[in-house]
Each structure stands twice: as structure tokens, then as C-alpha cells.
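Order of listing sets the numbers, starting from 1, for every ligand and every atom in it.
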Amino acid sequence: MSSSTLVLLQLLYLISLILPAFSANDDNQFAYSGFSGANLTMDGATITSGGLLELTNGTVQQKGHAFYPVPLRFVRSPNGSVLSFSASFVFAILSVYTDLSAHGMAFVIVPSMNFSAALPGQFLGLANIQSNGNSSNHFFAVELDTIQNKEFGDINANHAGVNMNGLRSEQSYYAGYYDDKDGNFHNLSLISREAMQVWVDYDSNNTQITVAMAPIKVARPMKPLFTASYNLTSVITDVAYVGFSSATGTINVRHCVLGWSFAINSPASAINLGKLPKLPRMGPKPRSKVLEIVLPVATASFVLTVGIIGLVLIRRHMRYTELREDWEVEFGPHRFSYKDLYHATEGFKNENLLGVGGFGRVYKGTLPVSKLEIAVKRVCHESRQGMKEFVAEIVSIGRLQHHNLVQLLGYCRRRGELFLVYDYMPNGSVDKYIHSIEGKTILTWAQRWHIIKGIASCLVYLHEEWEKAVIHRDIKASNVLLDGDMNGRLGDFGLARLYDHDDDPQTTHVVGTIGYLAPELGHTSKATPLTDVFAFGMFVLEVACGQRPINQSSLDSQTMLVDWVLEQWNKGSLVSTVDSRLEGNYNVREAVLAINLGLLCSHPFANARPSMRQVIHYLDGSIPLPEMSPTDLSYHMMTIMQNEGFDEYIMTSSSMVSNGTASAISNGR
Ligand SMILES: *[C@@H]1O[C@H](CO)[C@@H](O)[C@H](O)[C@H]1NC(C)=O
Ligand SMILES: *[C@@H]1O[C@H](CO)[C@@H](O)[C@H](O)[C@H]1NC(C)=O
Ligand SMILES: *[C@@H]1O[C@H](CO)[C@@H](O)[C@H](O)[C@H]1NC(C)=O
Ligand SMILES: *[C@@H]1O[C@H](CO)[C@@H](O)[C@H](O)[C@H]1NC(C)=O
Ligand SMILES: *[C@@H]1O[C@H](CO)[C@@H](O)[C@H](O)[C@H]1NC(C)=O
Ligand SMILES: *[C@@H]1O[C@H](CO)[C@@H](O)[C@H](O)[C@H]1NC(C)=O
Ligand SMILES: *[C@@H]1O[C@H](CO)[C@@H](O)[C@H](O)[C@H]1NC(C)=O
Ligand SMILES: *[C@@H]1O[C@H](CO)[C@@H](O)[C@H](O)[C@H]1NC(C)=O
């Protein structure tokens, strides 16, 4: 080897010392157990006399960095794959508050130690708004974050994560560890002021990053906190610095490192835990100058914010205020919030009004979260009396489940108002089809027969098959709704009952709808399964004949549908009563059966009516209908109507009824 070559080599060696980029440390491992006398490159950070590395010293909005002073070579050959590495460190976060901290710290591998452009706060002194996430950053970080920043998709305010080039974690998990003995996960609070150890390993063979942590007294857990798959060759530069970055926000926090070891291509050597510096005792809250200024300003803005939020909340509260009493707790799951109903119906907009029934307006709505279509019935109700029983009943009705029942989903109460929430029935009510104006679709006979059978089976369920007999009290064509498959479904349950509770027990108010009221209700006003059967009979006649139970034939006279049917029958042509709009397209046997059954069910004498169970048998033909003659029935009808004073209960109940039948009556008077 010539002397000139030697000189050249020496020169090269010297140059390599001067240009750190080319002089990556060859003995690529180190370990610190305490930092007394350690030669680190720091900005913002300090090493205390006790050997504690304080990345931040309690100043707010501060950045702190500390690096191993020489860069390390992370590849074997230029542009090769990043080698495996292993790091471990002991840290503690000392906040003046035990339950509040900001922002966090990170173990980092970076191409340059110049962070003058990086921001404190949520950027942890690593990036700024423009540079965050830019692949030209070439930094790898393991963050210990004590604030949940939604903009970076943080999972919570106490997590560890691995980041490439930005603050959005590639992978993260709640701070904690898995117990080696029982495998249980134990949460760790990063801001607990306790020292904790973190292990970070990168395996270049399978590009796997493994992160583990544990309290200082616990050995490295076998099961890591999480692993992430990422080929760091695209992130870490051939030559890079290792160290820590941290930042504070508006809270006085010290981010401390007690010990640190690092190695490339071999496991990091163990930190001597016995030699770690002591953490300072956190005495009573130190009063820093900054706090003295910040505190009053913060307090003032806090008070202002609380005031504004308070006002907004009060306004919202007024808008969405509900009536809720102690006894309702047990009905909790059936209770809807008024806010949800308000949003579902777009503030009870008129466009969403489905109809105005006897007991209130019905609105269509879509529940905000589930997108379930609902019908909301808004019932005005002034009296509180009986409300508890009524709600109990409503809730018990909510438990009723039958294919031919409109499902009640729940309720909500406000002052003077009750909201009942039902499944939405897209095809509306049967009466719209039966009494439709010319040109509108009418129901075919097959559909009518299917609806009659469906409602009958629903009534058997209510009267006999459920825990206790439930009486509907208001069966009528406008309460039979049609679902998407044109199945008849009985709706509007128990509402009549609400008005029962309301009333003075002394006065016998009959509730229901004119034309569907059994005659005995005139004296007893006690609803029974047989009064339901009466109304069902009327409904069957209405559906089969296509006429209302009481027809306003002229200004002064009304015709009872029953009387008219009997009259036609007397004249010998029962089939002439079948809805003429069907134009003869019906099953004669079924139609005759339906009309006969309608007459039998609406028999003026309650004990002459069949039970709903018998009705089912008649409908499916397993029992023949009893022989009936038109003269018998009409005799009874007429006497009842005249002697028992049908007028009497028309009068008492007309206030309860709002639709066509009622106005027909009042017009007639
Ligand atoms: C710290 O390390 C750097 C880089 O190796 C070196 O230049 C400097 O002299 C060291 N300082 C001390 C005080 O040892
Ligand atoms: C904290 O460090 C900064 C420099 O980074 C310094 O200006 C400040 O005085 C220090 N504060 C305390 C309380 O030591
Ligand atoms: C390494 O990559 C750089 C830029 O991608 C390229 O300019 C250089 O030639 C590569 N060196 C080798 C030895 O492949
Ligand atoms: C650090 O980077 C900034 C720009 O990001 C630059 O202006 C400044 O000169 C750099 N400082 C050093 C010491 O290189
Ligand atoms: C990323 O940073 C480089 C270099 O600073 C810059 O040229 C580029 O525009 C940045 N990319 C984005 C998406 O901001
Ligand atoms: C740990 O914390 C997470 C998130 O804060 C929480 O969901 C979980 O229930 C906690 N686990 C235990 C065992 O406390
Ligand atoms: C990676 O693979 C090499 C060669 O197959 C092997 O010697 C080395 O132990 C592996 N490293 C790890 C961390 O598995
Ligand atoms: C990682 O990426 C580098 C460069 O893209 C590639 O050469 C290397 O094979 C990759 N490592 C693995 C394990 O896929």
C-alpha cells in the first residue's frame, strides 16, 4: 500500500467524521440507565442533575427533542432494506393534574434533527399541518398519546400507536398490557405519573413492528400490545437519527425518559432498572407564571363558553322537552325520545301527515339511526289521570305480536301530548279502497277475503290466545291497515281506553265509532269480546258490500247497512248486496258466507253472536254456519233499534268520533 493511498484513506476517514451523513455509527447499539453525563443532542429538552431526561419542562405549547448524537446506518448496502432493530425505554408523564394531560411523546427515527418547522400540541413536535403525512418526511414514530385527536383518527385519549410520516397511526391500541399469567388485558394510564417501559421491535424479514408495554415492575409481556405490518424500507432513510419527540399543549406537563436502549440487528440490551433516576415528587400544584396569566383568561372564556352552551342546551331542552315520571322507568325500553320523533317526522311537517283520525294526527317518519319507517300518532291528552295505567297497557300491547296486528313500537310523552309509534303501513287503510272514489283501485274479492280472514285470526289471538283477553274496542275499516303485501293489520289499539280513563265513571260514555257499536253498549258501556265481534261483523259486511255501516241516503234519512242487507235478502237476492264495483268477479260461496257471517256477528243480541274462534271455523268451512232466516234477524234489529234508543248513544259518543260517520249523524240532526 503506497503512502499516497494511506493519505487518501486517512483523508476519507477524516471527511467521514466531518460529514455525519457518511459517518453512521458502526457499533450500532447503546443503552442508558439514567442520563447523567449522557451526550445527547437536545432542543427544548434538558437532563436534570438527577439524570432524568425531561423532554418538556412544564412550559405550555412547548416542543422537546432529544437524540442520540450520531446518526445510525439502517441499511447494509446503499438503497438496501432497512435492517431489523430493537428499542426499549422507560418513560413517565408528569402532569400537574392527575386526570388531565397534553399532548404526548414519541420514540422516533428521523432523517434530520431539525424540527424548527414542526408544531407542538397534537403534532407532537414532529410535523405541521402541511407536512403531516407527507412521505417525504421519512419518519417512523411510536407515539404515546394522551389526547384523542379526531383529525388523526385517534382511538381514545390514552393509546400507543405506530406512525409513518404523520400523526395518523398506522396501528394503535389502548395503553396497557396482557398479563402473562392469566392473559387478561390491564389498562395503563399514560398520565398516571408512574414509570412504564415500552418495547419496540422491527423484524425486517417479515416487516413486522411489535409494540409492548408494561409497568416498570412487570417484565416484558409475552403477548405484545399490538403488531403492525409495514415495510419500513420506504420510511426510514439509509442513515437516520433515533430519539424522542414530545410536545405540550395548554397544560403544564413534563414528559420524561428514565432509561433507553437501542440496537440494530440484535435485541436491545436490558435497561438496568435499579439505576434509573428518581421521578420528582409531584407536590401541590405549582403556580407557574404562565398559568397565572392563562388561568384567568381560560376561566373567563370557560365561563363564557359554558354560558353559551347552557343557552343552547336550554333552547334545545325547551324544544325537545318531554314529560317523564318515576313510574315510567320500567317502561324505559319502550320509550322514544321526542327528539328522535321530531327528527323522524321532520318536525311534524304537514307533508308527512298521513291522516287525521279520531284520536289525533298520524305522521309518517323515518327513525334517524335505524332508518326504520314509522307512523307516529300524536294524541292530545290533557288529563294525567289514568295515564300510568294507560301507558302500562300500551306497553303490554307493545308485547302483542301477530301477523295481522300493526306493531306498536313504543311511546313518548310531552305535556298534554302522547305519541304512539307504530310500524309504518305503506298501503294505508282498507276504507280508502272500499269507499274509493271512481277510478281508484279497488280491492279484489280475493284480497277482501284474505283481509277478513286475517283480521279474524288476529281477534282470536287477542281474545283467547294471549296472556289475558284483550279487547280492541274500535274495530272498523279505517283501523284495518294494509302492509306492503296487502295483508290486513289491525291498528289503533286501546286508544278508546284512554278516553275511558279520562271520563268520570259516573257518566256512561260509549267509546268507539258509530255504526260499529254493539247495542248493549248503550246501557252497560262495558266493552267485551262480543262487542268486538259485533264491530267485526259490521266490518265484514262493509268489506263485502262496499258500503258504510250507516249510509247517508239523503239529508234526513240514514240507512243502516244491516237493515238494507236484510231487506235485500227478504226480497230473495242476498248476492245483490255484494259490492257492485267487483262487477261480478267474486267467489259466490265465499261472498254469501261472508255476508251471513257479518249478519250473525252483528246480531243485536250479544249471546247470539259467535266467538271469534267459531268465526274462524265458519270462515275456513270446518263448521257450517247455523241456518238463519232474514225475518228473525230483522225483527230483532228493528225492535232493538226502536226500543232501546239507538239515538241515545249516538249522542253520547259523537264527541269521540271525527270521521265521516259522525258528521253524517250530526248533519242528519
Ligand atoms: C457529543 O457527541 C458529539 C458527536 O459524537 C461530539 O461531537 C461531541 O463532542 C460530544 N460532546 C461531549 C460533551 O462529549
Ligand atoms: C423550559 O425550557 C425552556 C427552553 O426550552 C426555557 O426557556 C424555560 O425557561 C424552561 N422552563 C422551566 C420552568 O424550566
Ligand atoms: C439509490 O437510490 C437513489 C435514489 O432513488 C439513486 O439515485 C441511486 O442511484 C441508488 N443507488 C444505488 C447504489 O442503487
Ligand atoms: C431547519 O429547517 C428550516 C426550514 O424547515 C430552515 O429554515 C433552517 O435553516 C434549518 N436549520 C438548520 C440548522 O438547518
Ligand atoms: C411533500 O413534501 C414535498 C417536499 O417538501 C413537497 O414537494 C410536496 O408537495 C409535498 N406533498 C404534499 C402532498 O404536500
Ligand atoms: C380499558 O380501556 C378501554 C378504553 O378506555 C376500555 O374500553 C376498557 O373497558 C378498559 N378495560 C379495562 C379492563 O378496564
Ligand atoms: C432473518 O433471516 C435471517 C436469514 O434467514 C436470519 O439469520 C435472522 O435470524 C432472521 N431474523 C429474525 C429477526 O428473525
Ligand atoms: C421491503 O421493501 C424493499 C424495497 O421496496 C424490498 O427490497 C424488500 O424486499 C421489502 N421487504 C420485504 C420483507 O418484503
Open item on the list: Does ligand 5 come near enough to Gln130 that some N or O of the ligand is less than 3.5 Å from an N or O of the residue?
Closed with: no
Open item on the list: Could you check whether Lys377 makes a cation-pi contact with Tyr422, meaning its NZ or CZ is under 6.0 Å from the centre of the six-membered ring and within 45° of the ring axis?
Closed with: no
- [ ] Examine Arg378 relative to Phe348 and say whether NZ or CZ is less than 6.0 Å from the centre of the six-membered ring and inside a 45° cone about the ring axis.
- [x] yes
Open item on the list: Which protein residues come within less than 4.0 angstrom of ligand 4, counting heavy atoms only?
Closed with: Asn114, Ser116, Ala117
- [ ] Consider only side-chain N and O atoms of Asn114 and Ser112, and report whether a donor and an acceptor are under 3.5 Å apart.
- [x] no
Open item on the list: Only heavy atoms of Asn39, strictly under 4.0 Å: list the atoms of ligand 1 that pass.
Closed with: 1 (C), 2 (O), 3 (C), 6 (C), 8 (C), 10 (C), 11 (N), 12 (C), 14 (O)
Open item on the list: Quiz question: by atom type and distance under 3.5 Å, do the side chains of His159 and Glu143 form a donor-acceptor pair?
Closed with: yes
Task: Under 3.5 Å side-chain donor-acceptor pair for Ser88 and Gln197 - done: yes
Open item on the list: If we count only N and O atoms by modelled type, under 3.5 Å, do the side chains of Asn156 and Asn158 hold a donor and an acceptor together?
Closed with: no
Task: Test side-chain contact (heavy atoms from CB on, under 4.5 Å) applied to Asn231 and Asn206, Val82, Thr207, the passing residue - done: Thr207
